[in-house]
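Accompanying notes for the structure given below.
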Amino acid sequence: MAAPCAVPDGNRHQWMCAAARHSCDLRNCAGVALPLVLVFAVCAFLTASTYVFSQMTFFKPFLKSPSELQALLNARSGAWIGLNIINSEKQEGEASSTDSLFGSDLFAKTETESSVSDSTPTLEPGGEPLVLDPYSQRGFGTCIIGLDSGGGAFRILNTVGRFRKTQRALKVVLGSRPFQSPDTVLFIAAPGMPDGGGRIGGGVFFFPFAVDSARGPTKRSRLMVMRKEQEEFITDLEEPLMQADSVMQRPPLLIKSTQDVGRVPKVVRGPLFIDATNQDVEWHRKRRVVVLGDLQFTGEPVISDIDFVVAGEIRVLDKSELTNVNLYSRTRIFFADFCTFSGQAIARGDIEIYNNAMIVRPATILTTGASKEGTNKAQPSGEGAAAKKPKFFSLFVRDQASVDGVLINLNPQHGIKTEMETTIKGILWAEGRVSHTGRMSGVIKAQALVNEDDPADMSKNFLQGAITPLDEIKDYSLPYFIGALSILSWKEQ
Amino acid sequence: MRLWRSSLLSKNAGGLTLVEAMMATVICAIVSVFFFKMMVAGDKVRGRGRLIQRAATLAANQAEYVKSAIGCGVELTDTIYETTLDNRTFVVERSILTDESDSVPSYRENIQEIEVKVHLIETDTTLVRFRILQGTMP
């Protein structure tokens with residue numbers, strides 16, 4: 001109970017009195033307990049909730065991580081399934097294979113395969129993606145597999161792995177890596193070890209000469225060229241030219257500086273000359289340019305990431321520097337002087353690499369050797385111009401040129417010719433003949449090695465140049481229409 | 001508030017009643033139990049999250065090994081091993097699954113199906129379980 005305040009007047013005493021009264025009220029605050037307890041209860045609830053919420057926030061991602069991992073594994077599984085589907089598709093091709101499985105499908109599992117093939121899903125470039133259960137047991141999610149229509153000479157497989165609410169994507173580049181071991185340096189069909197005094201620093205493998213195309217469609221094998229896919233590949237490259245073909249040609253478009261680059265349209269209706277003789281020309285942009293005339297690089301232009309689809313000739317001259325550039329010519333391609341090139345160069349006619357031109361990795365130089373004579377406008381000096389004489393070669397490496405990459409000639413009647421002072425690293429792949437007199441490390445695959453003075457004779461092998469093994473030969477890849485496909489690279493997104 | 005408090009003071013001038021004290025005690029007890037349960041739940045979430053994350057890390061390592069094995073030409077077989085991570089010992093099991101049935105889809109022919117499981121050494125309860133396919137390069 002509060003005592004009455006008997007303190008005399010005065011401010012100090014009044015204050016003390018008030019304080020005393022106040023303390024008396026606290027002691028008499030009966031009934032405040034419940035609200036106080038409720039307040040503390042709410043505080044405790046908030047504290048506990050905050051704690052739990054923070055733990056959930058920080059550690060929920062950890063609980064999710066297994067889902068993300070399974071989704072990624074589903075995407076990877078999808079890549080293997082996609083590769084399996086593509087390699088299992090029966091192809092019209094030339095089974096000039098060194099495989100141990102060569103011809104095995106003639107004898108084994110014929111019925112099974114034919115019965116299964118009807119239900120086998122197929123992958124078409126740019127087609128509808130497949131949604132599959134990758135595993136024998138359900139509940140681990142699904143994978144979606146689609147084949148990209150881009151990718152040039154390589155296939156791009158996109159897969160998406162799904163597990164519960166999470167999904168992961170994967171981009172896989174597919175190509176062919178037929179040579180895994182550096183030990184064997186020559187793959188040839190013509191019998192007998194090569195004459196001519198050439199130096200062979202590795203093993204020689206003789207594969208069957210006969211092309212078993214009469215047997216009908218077969219599965220992909222290591223050294224097989226899928227003619228149908230090759231034709232489709234060229235047709236796809238030709239498509240933008242076909243679309244613009246009827247348009248009347250205009251005068252040459254001359255690009256003389258970096259500022260001029262912006263003037264280049266998507267379709268150049270005439271020749272395109274990029275001349276960096278007096279001013280710098282730098283052009284780094286991922287785009288495609290269709291040229292209805294010739295394309296010529298002179299001076300010191302620096303160009304990267306561009307695809308040129310050209311109806312006429314392509315001439316890469318002087319000190320041109322082309323990096324990760326894709327070139328397609330309906331006729332011919334020339335790399336000359338001190339130019340540097342990496343990327344894909346595909347021509348339907350001749351390809352000549354001469355003077356001090358340098359082809360650097362990653363590079364794929366491919367000719368189908370099928371260009372019509374009439375389409376060749378300019379006639380350069382050398383064998384490529386010999387229209388009257390029977391033609392044996394359509395891919396030439398001359399002078400002091402050097403190549404680090406893959407050279408391919410798909411014409412069985414033609415071949416690849418390398419001259420004495422050239423340096424080559426990588427793969428020479430000819431469906432016909434090869435005349436090699438330069439220095440090379442890597443692998444040559446051809447029907448026959450021929451003497452440059454008597455290239456018609458394919459009954460025996462003749463080698464004047466040197467060839468030595470290349471340790472990293474398995475890193476050199478071929479386009480998707482040659483051999484069985486492998487995974488060249490993964491990109492997890 | 002002030003009005004409510006003054007009315008409360010005027011009506012309960014006799015001090016804390018027994019009922020009030022009992023109610024306060026009961027509420028405090030309920031709140032305390034709830035509070036501790038929440039704390040325990042939070043700790044469990046954290047502990048479980050860490051455990052799952054470690055197990056997933058070990059499984060991811062195994063998945064990377066499986067992926068790289070193809071490049072090295074290593075033939076994969078069943079394997080089981082123990083490993084210690086942050087003072088906890090885990091058991092990692094990798095098994096190659098064989099489908100005896102004839103119903104293997106054609107697109108999965110010649111592809112290995114692999115299961116990776118991780119559990120703590122002291123319990124058999126699987127923390128994480130994954131499946132992966134591994135093909136071969138031609």
Q: Let me know if B/Met23 has heavy atoms under 4.5 Å from chain A in its side chain, its backbone, both or neither.
A: side chain
**Q.** Heavy-atom contact with chain A under 4.5 Å, split by part of B/Phe34
**A.** side chain
(Q) Using a 4.5 angstrom heavy-atom cutoff, name the option from B/Glu64, B/Arg48, B/Arg54, B/Glu115 with the most pairs to chain A. (A) B/Glu64
Q. Does OH belonging to B/Tyr81 count more than 12 external heavy atoms closer than 6.0 Å?
A. yes
Q. How long is the gap from CZ on A/Phe140 to CZ on B/Arg131, to the nearest 0.5 Å?
A. 4.5 Å
Q.
For B/Ala55, which atoms come within 4.5 Å of any heavy atom of chain A: side chain, backbone, both, or neither?
A. neither
(Q) Counting neighbours of CD on B/Glu122 that are heavy atoms of other residues, nucleotides or ligands and sit closer than 6.0 Å, is the number greater than 12? (A) yes
Q.
Looking at chain B, which one of A/Ser136, A/Ser65, A/Ser54, A/Gly161 has the largest number of heavy-atom pairs inside 4.5 Å, strictly under?
A. A/Ser136
Q. So which part of B/Arg129 gets closer than 4.5 Å to some heavy atom of chain A, the side chain, the backbone, both or neither?
A. both
(Q) At a 4.5 Å cut-off on heavy atoms, which part of A/Glu68 comes close to chain B: side chain, backbone, both, or neither? (A) neither
Q: Under 4.5 Å, counting heavy-atom pairs only, tell me which of B/Asp43, B/Ile30, B/Val128, B/Thr57 racks up the most with chain A.
A: B/Asp43
Q: Could you tell me the separation between the CG atom of A/Leu72 and the NZ atom of B/Lys67, rounded to the nearest 0.5 Å?
A: 8.0 Å
Q. In terms of heavy-atom contacts, does CZ of A/Arg162 have more than 12 from other residues, nucleotides or ligands at under 6.0 Å?
A. no
Q) Looking at A/Thr47, A/Leu132, A/Asn74, which has the largest count of heavy-atom pairs under 4.5 Å with chain B? A) A/Leu132
(Q) On a heavy-atom basis, which atom in A/Leu73 and which in B/Ala63 lie closest, and how many Å separate them? (A) CD2-CB, 3.6 Å
Q) Top residue by heavy-atom pair count (under 4.5 Å) with chain A, among B/Met39, B/Arg108, B/Gln134? A) B/Arg108
(Q) Measuring from atom CG of A/Leu83 to atom CG of B/Leu133, what distance do you get when rounded to the nearest 0.5 angstrom? (A) 12.5 Å
Q | Residue A/Ile81 versus chain B: region with a heavy atom under 4.5 Å | A | both
Q.
For A/Ser49, which atoms come within 4.5 Å of any heavy atom of chain B: side chain, backbone, both, or neither?
A. both
Q. What residue, out of B/Ile111, B/Ile52, B/Val116, has the most heavy-atom pairs lying under 4.5 Å from chain A?
A. B/Ile111
Q | OH-CG distance between B/Tyr107 and A/Asn84, expressed to the nearest 0.5 angstrom | A | 11.0 Å
Q: Let me know if B/Ile132 has heavy atoms under 4.5 Å from chain A in its side chain, its backbone, both or neither.
A: both
